[in-house]
2 protein chains.
Amino acid sequence: MEKQHNLSKNQKIIFDLIDKSHEPLKAYSILFNVQKKGINAPLQVYRALDKLVEIGKIHKIESRNAFIACQNSSCQISKATAFSICESCEKVSEINNSKLSKYLSNFVDETGMKYSKYNLEFFGLCKKCKSK
Amino acid sequence: MEKQHNLSKNQKIIFDLIDKSHEPLKAYSILFNVQKKGINAPLQVYRALDKLVEIGKIHKIESRNAFIACQNSSCQISKATAFSICESCEKVSEINNSKLSKYLSNFVDETGMKYSKYNLEFFGLCKKCKSK
DNA sequence: TAACACCATGTAATAATATAACATTTGTAA
DNA sequence: TTACAAATGTTATATTATTACATGGTGTTA
Ligand SMILES: [Zn+2]
Ligand SMILES: [Zn+2]
Ligand SMILES: [Zn+2]
Ligand SMILES: [Zn+2]
């Protein structure tokens, strides 16, 4: 069973914004959007983002410096993330594929190192963009 | 056969620095280190980095905003990169595992999207750090 | 040669992303 | 209620990256 995290005021404001968005949001775009709600400083945004990432409610798309809500309701895989990124329209989706996550979670490299976490970003053209 | 790229002056200076380094280098640390060689501005560094990434001589470690030289001499996999990152000492190694790269290069997601590129970053503790 | 394309360089300014430091407040549990 | 952890508020600053514009080489070709 997933641990309940009661979000604080700022965390909730920022999570709701990201969750409603259909695209990854950048920190300063979030800041701009929540200023009407009394969040005025970058640090307030980054602190909430850090916490939300930590508890797996959102993920950071590293190659884009942007954040999206986790698409896996149970969020068991917050330390094992995979994304599909369209290089044309910049659409990003979280990949939820159990074979892939098992394969990567069990991966052991040549040195015998076993990993506790991974992040995978795939790039290509989405259906829409490919058919153009 | 791999395409030959004759590096320009700035590209060579910056590649040599990264190649000699035993850890990923950040852009402004590179800048600091090459000022004695007449490279004075961030843009000169970023332009060289962009080109070196493009031709596969170096890779960007996205989660660290840092750059390392490609460890695969032939560099056929510059669009299919995987790294091992120690969260304690920050040691980074490029993973060269043909099974892994085949598995990921052939991965097709639920929507039928086929990818042309990926970047995978594994996190954990390296041998040294684990035995501490 | 001259015109052109192409790539690289040089320089200044600025944009975008992220953190440090410090004071205060709030939630929660002993 | 006391004590502690977590969250907030605020200012300033550090770090990472790009825009804009001018200049300089090198090879191609008209
Ligand atoms: Zn997720
Ligand atoms: Zn697309
Ligand atoms: Zn490589
Ligand atoms: Zn280590």
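Here is how names work: the chains are called A, B, and so on, in the same order as the sequence lines, proteins then strands, and each is numbered from 1.
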Colleague: When Ile, Leu, Val, Met, Phe, Trp and Tyr are grouped by side-chain heavy atoms lying under 4.5 Å apart, directly or through other members, which residues fall in the same group as B:I68?
Modeller: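 For the cluster that includes B:I68, the remaining residues are B:I61, B:F83, B:I85, B:V92, B:F123.
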
Colleague: Look up atom CD in B:Q35 and atom CD in B:Q44, then write down how far apart they are to the nearest 0.5 Å.
Modeller: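 Separation between the atoms: 9.5 Å.
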
Colleague: Hey, could you give me each pair passing salt bridge (charged side-chain N to carboxylate O under 4.0 Å, His left out) that has a residue in residues 109-122 of chain B? Not counting sequence neighbours.
Modeller: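 Sorted pair list: A:E87-B:K117.
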
Colleague: Within the structure shown, what part of the strands sits under 4.0 Å from A:K12 by heavy-atom distance: base, sugar-phosphate, or nothing?
Modeller: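 The residue A:K12 makes no contact with any strand.
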
Colleague: From the 5' end of DNA chain C to its 3' end, which nucleotides mark the outer limits of contact with chain B, defined by a 4.0 Å heavy-atom distance cut-off (strictly under)?
Modeller: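 On DNA chain C, the outermost contacted nucleotides are C:dA8 to C:dA12.
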
Colleague: Applying side-chain hydrogen bond (donor to acceptor under 3.5 Å, both in side chains) to A:N72 and A:E94, what does each step give before you reach the verdict?
Modeller: CA-CA 8 Å; A:N72 300 294; A:E94 186 166 1; 2.9 Å; yes

Colleague: Can you measure from CG (A:L31) to OG (A:S29) and round to the nearest 0.5 angstrom?
Modeller: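 One finds 9.0 Å between CG of A:L31 and OG of A:S29.
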
Colleague: Please, which pairs that meet salt bridge (charged side-chain N to carboxylate O under 4.0 Å, His left out) have at least one residue in residues 5-17 of chain A, sequence neighbours excluded?
Modeller: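 Sorted result for residues 5-17 of chain A: A:K12-A:D16.
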
Colleague: Taking atom CG of B:N96 and atom OG of B:S101, what is their separation to the nearest 0.5 Å?
Modeller: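 One finds 7.0 Å between CG of B:N96 and OG of B:S101.
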
Colleague: Hey, what else clusters with A:V108 if you join Ile, Leu, Val, Met, Phe, Trp, Tyr whenever side-chain heavy atoms sit under 4.5 Å?
Modeller: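 Besides A:V108, the hydrophobic cluster comprises nothing; the residue is isolated.
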
Colleague: Can you give the first and last nucleotides of DNA chain D, 5' to 3', that have an atom under 4.0 Å from a heavy atom of chain B?
Modeller: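 The footprint of chain B covers D:dT16 to D:dA20.
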
Colleague: Considering residues at least two apart in sequence or located in another chain, which fulfil the side chain to side chain contact (heavy atoms under 4.5 Å, CB included) criterion with A:L17?
Modeller: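 A:L17: side chain to side chain contact (heavy atoms under 4.5 Å, CB included) contacts with A:L25, A:I30, A:N33, A:V34.
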
Colleague: Drop me the distance from A:I39's CD1 to A:I13's CD1, to the nearest 0.5 angstrom.
Modeller: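 One gets 4.0 Å once the value is rounded to the nearest 0.5 Å.
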
Colleague: Can you tell me how far the OG atom of B:S21 sits from the CD1 atom of B:I58, to the nearest 0.5 Å?
Modeller: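 Taking OG in B:S21 and CD1 in B:I58, the distance rounds to 11.5 Å.
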
Colleague: Under 3.5 Å, side chain of B:S105 to main-chain N/O of B:K102, donor-acceptor pair present?
Modeller: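 No; zero donor-acceptor contacts below 3.5 Å.
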
Colleague: Just to verify, what does B:K99 make a side chain to side chain contact (heavy atoms under 4.5 Å, CB included) with, not counting sequence neighbours?
Modeller: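 B:K99 satisfies side chain to side chain contact (heavy atoms under 4.5 Å, CB included) with A:Y103, B:N97 only.
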
Colleague: Using heavy-atom distances to pick each residue's nearest nucleotide on DNA chain C, tell me which of B:N65 and B:K51 is more 5'.
Modeller: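 Nearest-nucleotide comparison on DNA chain C picks B:K51.
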
Colleague: Looking at residues 16-29 of chain A, who's got a heavy atom less than 4.0 Å off DNA chain C?
Modeller: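 Close to the strand are A:K26, A:Y28.
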
Colleague: If you pin B:Q11 and B:L43 to their nearest nucleotides in DNA chain C, which one's is more 5'?
Modeller: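 Residue closer to the 5' terminus by nearest nucleotide: B:Q11.
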
Colleague: With salt bridge (charged side-chain N to carboxylate O under 4.0 Å, His left out) as the rule and sequence neighbours excluded, what pairs involving residues 17-39 of chain B come up?
Modeller: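 Sorted pair list comes back empty.
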
Colleague: Parallel, tilted or perpendicular: which describes the rings of A:F122 and B:F107, with under 30° parallel and over 60° perpendicular?
Modeller: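 A:F122 and B:F107: parallel rings.
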
Colleague: Hey, what bend do you get for the helix from C:dT1-D:dA30 to C:dA30-D:dT1 if you fit axes on five pairs at each end, rounded to 10°?
Modeller: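 Taking the rotation axis at each end, their angle is 30°.
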
Colleague: Can you pull out the residues from residues 34-41 of chain B that lie within a 4.0 Å heavy-atom distance of DNA chain C?
Modeller: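 When residues 34-41 of chain B is checked for heavy atoms under 4.0 Å from DNA chain C, the hits, listed by number, are B:N40, B:A41.
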
